[in-house]
Amino acid sequence: MAIIRAAALLVLASSVGVSGVSRPAIDSYDYIIIGAGTSGLVVANRLSEEASVTVAVIEPGSDERDNPNVTTTVFGTGLNTPVDWVYSSVNQSRAGNRAFDLHAGKAWGGTSAINGMTYIRGNVAEFDAWEELGNPGWNWNSIFGYFKKSEKYTIPTDSQLAAGATFESQYHGFRGPLHVGYTPALKNGSFAPVVRDTWAGLSVTHNPDLNSGDVRGYGMGPQTLDAALNMRWDAARAYLHPAEHRPNLKVLKGTVKRITWATGKHATGRLVADGVEVVTDDGKSTVLSAKKEIIVSAGALRTPLVLEGSGIGNPRILKSLGIETRVDLPGVGENLIEQPSHFLLFSGDLQDSSASAYHSYVTIADLFGADVAAVEAATRANIPKWAKAAADASGARSLDACALEKVLKIQHDLLFKHNVTAAEILLAIAPDNVLASNYWALFPFSRGSVHLKSADKINEPLVDPRIFLADFDLSIMVAAGKVAQKFWLSEPMKTKGTVIGPIVPEEVDLPNNATNAQWQLYLRDTVVANSHPTGTAAMMSRALGGVVDPELRVYGTANVRVVDASVVPLQVSGHLTATLYGLAERASDIIKRTTH
Ligand SMILES: Cc1cc2nc3c(=O)[nH]c(=O)nc-3n(C[C@H](O)[C@H](O)[C@H](O)COP(=O)(O)OP(=O)(O)OC[C@H]3O[C@@H](n4cnc5c(N)ncnc54)[C@H](O)[C@@H]3O)c2cc1C
Ligand SMILES: *[C@@H]1O[C@H](CO)[C@@H](O)[C@H](O)[C@H]1NC(C)=O
Ligand SMILES: *[C@@H]1O[C@H](CO)[C@@H](O)[C@H](O)[C@H]1NC(C)=O
Ligand SMILES: *[C@@H]1O[C@H](CO)[C@@H](O)[C@H](O)[C@H]1NC(C)=O
Ligand SMILES: *[C@@H]1O[C@H](CO)[C@@H](O)[C@H](O)[C@H]1NC(C)=O
Ligand SMILES: *[C@@H]1O[C@H](CO)[C@@H](O)[C@H](O)[C@H]1NC(C)=O
């Protein structure tokens, strides 16, 4: 694979066009993919399988295959280094008026190069809801085969099984490009039986395989790593390196500012994209041409910026940015769903440094017990209020409150009728024997937005996740936090783990018997963003505020698609990459089938 700087691609020698007018020749590809991230590289690999098809991927990040902050399987090493964009949100008025950091990868592999590597899909009903939102053919059954297609599962060793790893092989793929397994650091230790017995006392049952489509309970999650090499398996290692010998696939360094449009329209009246404007590190602009399609895979916080830069979005917002509207599509950059996330740290000593992370998934009934009927009724009654609050906050009439109400009702049904999980509590032994819980609400009812700050600031999204806009999100966090806290203070964990007490927050800030009001106060000041944004170019009907159709095509365009976390219309209980690898595999087949 040739690595060519985009600036070098502008061939200055003139050629004679059909009209007889002399103009510069530009490099041309069948497909241009914007972003060499988690999803974009799946599509790049699959489209370039066909030798006669040419594919270019444009990416501002670099080849980081030898960067130890990327290759390590220790989480967090790449954060706040040059491979992390670290976007900053606007101050969150319901969460201490603080700005939140939103991490996102800047590298070949995108965010899969810096993330926690957890590989967990989600619940069946969560995928089936996509179909309900106006996407025929998108459901658990249709994506399940693609999960397996992407996966290369390594069966845990006897020692890892003894240490708490469990699996059911019918849910895994063994021949895909993405290594999934357990770190060799996980070996026979003392954590597993203590976790088992403590959760049993709290009525949280063991889940034998978190990837079956039913995540309720607790289990040890596998990770996207090569178990033999003990190396992170990001999207570049899985999907790009094996394809880099292909002469028809190129990764070009640069940042896409906008899509360029052909002068004529498609027979259907839709806009036809003919290329992209790329900005290189030296600030120069160049244009590449696309003969077939453009696939936008810049991630949930950047894809809307590319669309807005190209004239696709809310006309009021575009006008204020000085951009001519080409497609009136107010859903662009709206429907942002980000999860509130929080940590509790306890001092203790398990005499076990070999453990891997445990994930516990709890439902509304697990969290609210006997109150569940009252909670169900109260939240249902509040949906119109939350929808209106989100619509009002979105400004420029981007979000329609009635449409959002319908979407939130579907989400409400997921939680209260289908009983999908409502919160995740992740347990880990941090360095120095610190016992950690990281927990988050899986299905926030708040909706935020992300837009261009100005037409030229293409690297600085104006992002407002609106954490706790819907007060119920805070109630979920309180309920989940209490369970997380109770876990460390319950037997046998308390004795076997010699748990002394909390380090963060300290007892004075959040006592063990804290009231809901104390919890809420503390959470507002210390909650962080989970960096799992979705929904900003949602795959939904246009009437619901969607941006792409079920073939991932941007409404109003003939040949622009979005394939990344932006299209995921509702959160899923799992961590996102497992879902995105499956989604991008299925999207690739759709693109191959439907490109004209
Ligand atoms: C700290 C952290 C921990 C996480 N932990 C987990 C986990 O344990 N398990 C899990 O499954 N998920 C996890 N996630 C979430 C998951 O990694 C992301 O949701 C997923 O990788 C996003 O994939 P994507 O394809 O949407 O975008 P990305 O992978 O972010 O790819 C987007 C790419 O586009 C590039 N780009 C941006 N703008 C432009 C432009 N204008 N032109 C060209 N290129 C552009 C970016 O540089 C990037 O490479 C975590 C995320 C974070 C931040
Ligand atoms: C890796 O991260 C450390 C900080 O944790 C930083 O000092 C170092 O420069 C990073 N390495 C690379 C190659 O970016
Ligand atoms: C926003 O929050 C930061 C801290 O995160 C603070 O320093 C700053 O003053 C706040 N700005 C406004 C306008 O409130
Ligand atoms: C794990 O350790 C226990 C006690 O230390 C031992 O009895 C058991 O055989 C070990 N199991 C494996 C698979 O190594
Ligand atoms: C969900 O839980 C309720 C009780 O809380 C039960 O009545 C209902 O049948 C469950 N629904 C499903 C789909 O399991
Ligand atoms: C919590 O416990 C402390 C110390 O035992 C006590 O002083 C306080 O009143 C209790 N708070 C609540 C809300 O029960």
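Here, residue 1 is the first one in the sequence, and each next residue gets the next number. In each ligand, atom 1 is the first atom listed, and ligand 1 is the first ligand listed.
When heavy-atom distances to ligand 1 are checked against a 4.0 Å cut-off, I120 has no atom that comes that close, whether in backbone or side chain. Contact annotation: for L102 versus ligand 1, there are no heavy atoms closer than 4.0 Å. Of the heavy atoms in H103, both backbone and side-chain atoms come closer than 4.0 Å to ligand 1. When heavy-atom distances to ligand 1 are checked against a 4.0 Å cut-off, T577 comes that close through both its backbone and its side chain. Using a 4.0 Å cut-off between heavy atoms, S566 makes no contact with ligand 1 at all.
Within the 4.0 Å heavy-atom shell around ligand 1 one finds W85. Ligand 1 lies within reach of A107, whose nearest heavy atom is under 4.0 Å from it.
Exactly one of R302, E460, H103 qualifies for a side-chain hydrogen bond (donor to acceptor under 3.5 Å, both in side chains) with Y87. That residue is R302.
Residue contact check: N97 has heavy atoms under 4.0 Å from atoms 1 (C), 2 (O), 14 (O) of ligand 3.
Where the criterion is an N or O separation shorter than 3.5 Å, residue side chain and backbone included, K106 fails it with respect to ligand 1. Considering backbone and side-chain N/O atoms, M117 comes within less than 3.5 Å of an N/O atom of ligand 1.
Between R237 and D226, no side-chain nitrogen of the basic residue sits less than 4.0 Å from a carboxylate oxygen of the acidic one, so the salt-bridge criterion is not met. By the 4.0 Å N-to-carboxylate-O rule, D234 lies too far from R232 to be salt-bridged with it.
Scanning all protein heavy atoms for the shortest distance to atom 44 (N) of ligand 1 gives P60 CD, 3.1 Å.
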